[in-house]
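Since the model is a prediction, treat every value here as computed from it, not as a measurement.
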Amino acid sequence: MKKFLLLIASIVMIFTMASFAYAGEYDFVPISALPGGEPTLIAANPTSAIRVQNDGEYIDFVDVNPQIINDRTMVPFRKIFNSLGVTDENIKWTPETRTVNAKKDNVEIELQIDNNVAKKIVSGETTNITLDSAPVIRDGRTLVPVRFIAESMDRKVSWDAEKRVVVIADVKGMMADLRKSIPNYFELIDAQKGVLNTYNATMKVTGKVDYKNSENRSDNTNINIEGDIVVAKSNNAISLDMNCKLTGKGSAYEVVKTNKLTSINIKGIITEDKMYVYSPLFEKNTSGKWIVSDLDDTKSFSSLFEGANLDLKETIEKYLNEVEFDANTYSLLKTTFDALKKVLSDDNVSVKGTSTKKYEIKIDALKLLKEFAKNEELKDLSLKNCFATITGTIENGYAIKNGIKLNVKLVKENETIAIDIDADAKFSNINESVSIKIPTGDQVVTAE
């Protein structure tokens, strides 16, 4: 049963990738983290020569290798410009003035040998930029600072000191390609332009888990789940009230009963600097009071909910802009983006309506898991149903309704597990006055 639950967890990981635009702030986790999903990574070699990587490919400079001059990596000018998409007819060397000119689209760059002031001309407007290392001639080749060149061409540049690699990435091009590849999903994202500063939300969750083992019937379990969650967000706090009831029979349910978890009520409130928790489960130790604890800066209200309105595009762009690339980052990102293109393809995402949009995302979760995870155990699985579905309504820029369904039935040898989860959420009082009462005085006890 443990192995089956691990498989289910992996399926939910894939499913979550499709839905995280509707939740809060997320760290961007590549799908390559799934079992067997990693591409071949570049090993460290601190004694190797300096290399330059552009969009995952290493540039072959042929006769003159990159060199460190004045703590800056310098490379042959024509090869680096060609690698960034500048054609030979748009690259000019003027021997009389020892000047290099290169132009792509509306950007032109001019550098002069031994002159640490370069010119960047954008749509006819010139900016003088002081370089840390001026262009030089070495072994009959003109060397220019790679970071300045790449950044002038709107590329992200990082330095992998461990592997001695300059990493260049066209992150804007990656995002443009992703948007072009999954237009329905981005139409859905574009429809959600409202910012949820305050709101009330009600959620209802139903589900069941059935596990059968034909060889060991004592393990067989049936658990039914019913839950209600009420969430409120004001300008200075967020509250949650969750009620959950479990019924059923079998070995796992007996554990639930023994631990008195058949009926659960948990309330929580987070403010700028404190977290409050209440549950009848704690009454014996707290005399029915709220437990209050201080939050450090990393867990404060503002940091927890600062990114609650980020969509998929903004989440990825935030990651791409802030992360320092190493020699393996581009390969990992490409794997992740390829996965997103499959998960959120137009075959899986439908958007209907004009001012009010209805959307549905339906994913064959096991099919994707088998495609991206090279786990040998997956090959022996049979299935009758394994789908994850997200539905919702967007009105006036706000997602006022969301629904999530997970239907999984997996069979392997003598074991069968079936999981059905159905959750619906409705939002109201969006950006209106929302009040949350904070426990005070003798209503609280400090967490030990």
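Environment of CD in Glu89: crowded, with over 12 heavy atoms of neighbouring residues, nucleotides or ligands closer than 6.0 Å. For CE of Met275, the number of neighbouring non-hydrogen atoms (other residues, nucleotides, ligands) closer than 6.0 Å is 12 at most. Taking a 6.0 Å sphere around NZ of Lys334, one finds it holds 12 or fewer heavy atoms contributed by other residues, nucleotides or ligands. Open room surrounds NZ on Lys103; 12 or fewer heavy atoms of other groups in view lie less than 6.0 Å from it. Within 6.0 Å of the CG atom in Asn106, the count of heavy atoms belonging to other residues, nucleotides or ligands exceeds 12. Heavy-atom contacts from other residues, nucleotides or ligands closer than 6.0 Å to NZ of Lys357 number more than 12.
Contact of the Asn236 side chain with the Ile438 side chain is not registered, since no non-hydrogen atoms from C-beta on lie closer than 4.5 Å. Using a 4.5 Å heavy-atom threshold, the side chains of Asn82 and Ile91 count as touching. Considering only heavy atoms from C-beta on, Asn328 comes within 4.5 Å of Lys163 through its side chain. In this structure, Arg138 and Ile69 have side chains that are in contact, with non-hydrogen atoms separated by less than 4.5 Å. Ser428 is not listed as a side-chain neighbour of Thr202, based on a closest heavy-atom distance of 4.5 Å or more. Side-chain contact between Val167 and Trp159 is absent, with no heavy-atom pair separated by less than 4.5 Å. No side-chain heavy atom of Tyr278 sits under 4.5 Å from any side-chain heavy atom of Thr286. Using a 4.5 Å heavy-atom threshold, the side chains of Leu143 and Pro76 count as touching.
With 3.5 Å as the limit, one finds no donor-acceptor pair spanning the side chains of Tyr330 and Glu57.
The closest donor-acceptor contact from the side chain of Asn431 to the backbone of Asn197 lies under 3.5 Å. With hydrogens and angles ignored, the 3.5 Å screen pairs a side-chain donor or acceptor of Asn115 with a backbone N or O of Val117. Between the side chain of Asn65 and the backbone N or O of Ile50, no donor-acceptor pair lies under 3.5 Å. Side chain of Ser279 to main chain of Phe282: no donor-acceptor pair is present (N/O by atom type, distance under 3.5 Å, no hydrogens or angles). Without hydrogens or angle criteria, Thr142 side chain to Phe77 main chain gives no donor-acceptor distance under 3.5 Å. In this structure, Asn184 contributes its side chain and Val349 its backbone to a donor-acceptor pair below 3.5 Å. Remark: the backbone N or O of Glu432 is paired with a side-chain donor or acceptor of Thr198 at under 3.5 angstrom. For Arg72 (side chain) and Asn70 (main-chain N/O), no donor-acceptor pair under 3.5 Å exists by modelled atom type. In this structure, Arg147 contributes its side chain and Val157 its backbone to a donor-acceptor pair below 3.5 Å. Judged by distance alone, with hydrogens and angles left aside, the side-chain atoms of Asn90 form no donor-acceptor pair with the main-chain N or O of Val86 at under 3.5 Å.
When each of Ile238, Asn200, Asp241 is tested with Val231 by the rule side chain to side chain contact (heavy atoms under 4.5 Å, CB included), just one qualifies, namely Ile238. If you run side chain to side chain contact (heavy atoms under 4.5 Å, CB included) between Lys426 and each of Lys204, Lys401, Met203, only Lys401 comes through.
Classified by interplanar angle (parallel below 30°, tilted 30° to 60°, perpendicular above 60°), the ring pair Trp290/Tyr276 is perpendicular.
A salt bridge does not link Lys342 with Asp338: none of the charged nitrogens is closer than 4.0 Å to a carboxylate oxygen. For Asp177 and Lys341, the salt-bridge test passes: some basic side-chain N is under 4.0 Å from an acidic carboxylate O. A salt bridge links Arg78 with Asp88: at least one charged nitrogen is closer than 4.0 Å to a carboxylate oxygen.
Annotation for Ala327 and Asp160: closest pair N-OD2, 2.9 Å, computed over non-hydrogen atoms. Nearest heavy atom pair, residue Ile394 against residue Ala191, reads CG2-O, 3.4 Å. Annotation for Val64 and Arg141: closest pair CG2-CG, 3.4 Å, computed over non-hydrogen atoms. Scanning both residues, Thr393 and Tyr359, for their nearest heavy atoms gives N-CE2, 3.8 Å. The nearest pair of heavy atoms linking Glu324 to Thr329 is O-OG1, 4.4 Å. Of all non-hydrogen atoms in Thr271 and Leu295, the two that sit nearest each other are O-CD1, 4.0 Å.
Rounding to the nearest 0.5 angstrom, the gap separating the CZ atom in Phe325 from the CG atom in Leu320 is 5.0 Å. Here CG of Asn54 is found 5.5 Å from CG of Leu84. Values are rounded to the nearest 0.5 Å. Here Asp420 contributes atom CG and Thr206 contributes atom OG1; the two are 9.0 Å apart, rounded to the nearest 0.5 Å. Between atom CD1 of residue Ile421 and atom NZ of residue Lys405 there is a gap of 13.0 Å, rounded to the nearest 0.5 Å. Summarising the geometry, atom CG belonging to Asp71 is positioned 8.5 Å from atom CG belonging to Asp132; distances are rounded to the nearest 0.5 Å. How far CG of Leu281 is from CG of Leu261: 6.5 Å, rounded to the nearest 0.5 Å.
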Criterion side chain to side chain contact (heavy atoms under 4.5 Å, CB included) on Asn402 and Ile404, from CA distance to verdict: CA-CA 7 Å; Asn402 280 317; Ile404 297 176; 5.9 Å; no

Test log, rule side chain to side chain contact (heavy atoms under 4.5 Å, CB included), inputs Tyr185 and Ile361: CA-CA 9 Å; Tyr185 188 78; Ile361 304 173; 3.8 Å; yes

Side chain to side chain contact (heavy atoms under 4.5 Å, CB included) assessment of Tyr398 paired with Lys193: CA-CA 7 Å; Tyr398 302 103; Lys193 290 306 178 186; over 6 Å; no

Worked verdict on Ile109 versus Phe81 for side chain to side chain contact (heavy atoms under 4.5 Å, CB included): CA-CA 10 Å; Ile109 298 170; Phe81 280 124; 4.2 Å; yes

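Scored by the salt bridge (charged side-chain N to carboxylate O under 4.0 Å, His left out) test, Arg98 finds Asp114 as partners (sequence neighbours excluded). Judged as a salt bridge (charged side-chain N to carboxylate O under 4.0 Å, His left out), and not counting sequence neighbours, Lys156 has no contacts.
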